[in-house]
Enquirer: 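Just passing along the structure, written as structure tokens.
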Number of protein chains: 2
Amino acid sequence: MDFGHLSKKAPTIQDVAARAEVSTATVSRVLSQSSSVSAGKRQAVLDAIDDTGYRVNRTARNLRTQRSHIVLALLPDIGNAFFSQVLQGIEKVLTPQGLALVVAETKQFNATDEELVNYLQDHRADGVIILDGSLPPQMVAALGDPAQESRIVFACEWVNNSDFPSVRSSNSDGAMQAVEYLYSLGHRHITHVTGPPNNVLTLEREAGFERACNRLGVHYTSITGGFSLDAGVQATKKLFALDSPPTAVFCASDTIAMGLISALSKEGLSVPADVSVFGFDDIELSKHFMPPISTIHQDRIALGTRAACLLLRCLEQGPQPGLVEQLPVQLIARDSCSSLTDSVASYPPMNDISTLGRNVTT
Amino acid sequence: MDFGHLSKKAPTIQDVAARAEVSTATVSRVLSQSSSVSAGKRQAVLDAIDDTGYRVNRTARNLRTQRSHIVLALLPDIGNAFFSQVLQGIEKVLTPQGLALVVAETKQFNATDEELVNYLQDHRADGVIILDGSLPPQMVAALGDPAQESRIVFACEWVNNSDFPSVRSSNSDGAMQAVEYLYSLGHRHITHVTGPPNNVLTLEREAGFERACNRLGVHYTSITGGFSLDAGVQATKKLFALDSPPTAVFCASDTIAMGLISALSKEGLSVPADVSVFGFDDIELSKHFMPPISTIHQDRIALGTRAACLLLRCLEQGPQPGLVEQLPVQLIARDSCSSLTDSVASYPPMNDISTLGRNVTT
DNA sequence: CGTTTTGCTGTAATCGATTTCAACGATAAA
DNA sequence: TTTATCGTTGAAATCGATTACAGCAAAACG
């Protein structure tokens with residue numbers, strides 16, 4: 001590519017120095033306020049900067065200081081609204097620090113080449129925030145030793161058996177809150193439509209779900225899903241195939257819940273009259289869905305800001321292996337879950353009323 | 001910030017040159033394959049690169065070549081799912097060109113300071129793709145003369161009275177298609193819930209809507225809105241306040257349509273039985289909403305790829321003032337709009353049946 | 001066989017900043 | 001008055017690449 005036609009030379013620090021009749025060193029000192037400069041010369045330099053319209057060339061500065069002032073955010077999918085809010089949080093912290101955010105998708109880095117690691121080694125980025133827990137193991141291994149490498153943090157998702165510091169929501173806690181809430185509404189048989197198998201979030205939410213069910217003596221079943229709308233639609237069929245249908249369904253994401261509610265309504269079942277549905281994430285639309293969906297709110301902005309702060313801390317203070325920050329989640333009660341006694345009173349009896357009060361231990 | 005602990009010096013081109021027993025110039029020539037190097041030396045260099053694990057320092061290269069290999073995307077709101085797909089398209093074109101994508105929100109640049117322009121002047125970015133048509137005029141003015149400035153393009157949105165090249169969907173055409181479709185279903189009174197006032201997209205869609213209505217002799221009314229869910233909810237009240245309710249509503253966005261449908265259902269009105277609702281954008285959820293929403297599909301990925309290609313072209317060939325690329329849109333018929341004769345047949349008569357066939361000219 | 005061309009290679013300048021180091025004048029301390 | 005200290009300042013080295021230029025040998029030419 002030929003960009004020759006762009007040349008329109010900007011004033012350099014030399015020009016400023018010449019105009020202010022000082023050395024480039026002095027100009028630089030004024031610029032970075034690193035050491036003292038006499039008031040007179042400082043003003044002369046400031047005036048010269050004004051006159052010439054000088055702007056510091058970041059590339060030159062970066063070369064000299066050995067920093068790129070760039071942070072790379074690695075997402076599984078740029079098109080995902082969930083992550084875009086996290087990015088917003090990251091940006092909020094980075095920008096005031098003079099750091100720019102570069103976003104890229106993990107899929108553009110195949111496991112074989114070292115492109116990802118190169119981003120750091122090439123000084124293309126000072127640090128990386130990874131929002132994808134599904135990186136292939138060999139790629140994670142290539143990232144280096146968490147005890148040595150201080151420029152990588154995980155956010156939202158993470159990788160098991162790895163010590164890179166991370167920020168995440170309290171996923172298992174969220175699932176437990178959901179179960180407790182449904183229990184308080186009288187539900188004693190809950191089905192969990194999970195996220196994709198082996199996903200770390202899926203695992204955490206499943207664990208929380210089962211722990212709470214066991215503790216409260218709630219009968220539970222499980223349907224393997226995914227986080228998509230379609231997974232919710234598919235789950236509906238499996239729901240009908242269950243021996244004894246649940247009175248409530250806890251979905252691993254709001255999107256699943258929407259797919260489920262939508263598919264149920266096509267089958268003539270209404271939510272929450274016939275069955276309660278609970279989501280996870282509190283995406284914007286949940287509030288406006290019909291019915292509005294009860295869910296676990298994740299503070300996506302905070303996830304981003306905390307991750308960015310964590311990265312900053314690593315850059316300043318060195319590696320923080322094993323450090324995990326769990327952000328609290330919040331239960332949002334809306335209309336998609338109803339009290340079982342209420343619905344029994346106002347609607348025909350549940351078809352699984354026989355399971356009420358039945359306790360199950362694993 | 002002290003990043004001293006990060007120092008672990010990477011091999012430089014000097015190290016490679018020494019090891020291969022050639023000059024740095026030769027190494028550089030092998031790297032950039034710009035001019036011929038004898039097979040023997042080439043292999044020696046290649047081996048040395050392998051041995052040392054050398055990686056080119058982009059910052060140094062950027063300084064020397066006067067390019068940053070970075071493109072800045074400016075969004076009104078990073079958290080918006082619509083834009084994140086456009087970004088995906090941009091990325092798809094940029095990455096193979098060795099260009100990285102930096103995203104930033106316009107609101108972080110206030111109109112008074114020149115931060116935005118500085119991005120280009122500082123060599124922090126080689127080019128900028130602006131996805132925000134609501135930039136304050138003085139900021140647009142600060143961007144420079146479109147006939148001179150070859151590093152700025154607009155995408156999705158644009159600024160009136162400005163010659164910067166841009167890529168956009170055929171908004172007015174989409175609105176016209178929507179009207180024609182509703183007309184073909186028998187609707188003769190349509191209300192348009194618009195986007196935010198003065199927005200370029202709002203204006204285009206309004207224009208297309210009115211043109212089609214006038215041409216077909218459709219009675220139309222208009223409610224000022226916004227692109228949000230809430231705007232759809234608010235519009236519902238105004239809809240009821242209309243002298244003669246329409247048989248169909250054309251919304252300037254799918255989100256408006258969802259808010260509207262949701263609010264209508266709370267009022268006991270069902271879509272499309274009582275009123276047809278048409279959207280715009282074809283966001284992912286429209287397909288899964290209840291009912292699935294008829295809409296105008298915008299190819300968001302293509303919007304991104306074309307914008308990136310346009311920027312590349314500007315960078316290579318110089319300014320392209322006034323160049324506008326309009327991407328075709330596509331009508332997607334789903335369940336939220338029904339044939340008027342059908343619904344008249346199967347439901348109680350519309351309350352505005354008196355307006356059928358009534359023509360209005362502006 | 002002399003001359004020109006071609007192909008390859010290295011030296012050194014360059015991009016635009018930061019920073020080390022030495023020097024300088026003025027002030028404080030002895 | 002002499003010496004030590006301090007705050008300022010500039011010259012020059014430096015970051016790590018690219019590239020203009022010149023040199024040189026081998027090949028092509030007349």
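Below, read A as the first sequence line, B as the second, and so on, with proteins coming before strands; counting in each chain starts at 1.
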Enquirer: Counting only distance, no hydrogens or angles, is the base of C:dG16 paired donor-acceptor with the side chain of A:Arg58 under 3.5 Å?
Expert: no

Enquirer: Just the rounded figure in Å: distance from P of D:dA17 to CZ of A:Arg124.
Expert: 14 Å

Enquirer: I'd like to know if the side chain of B:Ser28 reaches the main chain of B:Thr24, judged simply by a donor and an acceptor atom lying under 3.5 Å from each other, with no hydrogens or angles considered.
Expert: no

Enquirer: Taking any heavy-atom pair under 4.0 Å as a contact, classify A:Val27: base, sugar-phosphate, or nothing.
Expert: nothing

Enquirer: Is there a donor-acceptor pair under 3.5 Å between the side chain of A:Asp126 and the backbone N or O of A:Val71?
Expert: no

Enquirer: With a 4.5 Å heavy-atom cut-off, do B:His69 and B:Arg58 have their side chains touching?
Expert: no

Enquirer: Any idea which of C:dG16, D:dT18, C:dG7 is nearest the B:Arg61 side chain?
Expert: D:dT18

Enquirer: Using heavy-atom distances to pick each residue's nearest nucleotide on DNA chain D, tell me which of A:Ser38 and A:Thr24 is more 5'.
Expert: A:Ser38

Enquirer: So if I take every side-chain heavy atom of B:Leu63 and compare against D:dA11, D:dA20, C:dG16, which nucleotide ends up nearest?
Expert: C:dG16

Enquirer: Measure from the side chain of B:Asn57, starting at C-beta and using heavy atoms only, and say which of C:dG10, D:dA17, C:dA17 lies closest.
Expert: D:dA17

Enquirer: Any idea which of D:dT18, C:dT11, C:dC15 is nearest the B:Ser23 side chain?
Expert: C:dT11

Enquirer: Classify the side chain of B:Arg64 versus the base of C:dT14 as yes if they form a donor-acceptor pair under 3.5 Å and no if they do not.
Expert: yes

Enquirer: Should A:Ser28 be listed as having a side-chain N or O under 4.0 Å from OP1 or OP2 of C:dA17?
Expert: no

Enquirer: Please state how far atom NE2 in A:His69 lies from atom P in C:dA17, giving the value in whole angstrom units.
Expert: 14 Å

Enquirer: Without decimals, in angstroms, what is the distance between A:Ile13 CD1 and D:dG10 P?
Expert: 12 Å

Enquirer: B:Arg29 has an atom CZ; how far is it from atom C1' of C:dG7, in whole Å?
Expert: 11 Å

Enquirer: Under 4.0 Å from OP1 or OP2 of D:dG16: is there any side-chain N or O of A:Gln66 that close?
Expert: yes

Enquirer: What's the CD-C1' distance between A:Gln14 and D:dG10, to the nearest Å?
Expert: 13 Å

Enquirer: Are more than 12 heavy atoms, taken from residues, nucleotides or ligands other than A:Glu21, located less than 6.0 Å from that residue's CD atom?
Expert: no

Enquirer: Return no unless some side-chain N or O of A:Tyr54 is found under 4.0 Å from OP1 or OP2 of C:dG16.
Expert: no

Enquirer: Hey, are the side chains of A:Leu75 and A:Leu87 touching, using non-hydrogen atoms and a 4.5 Å cut-off?
Expert: yes

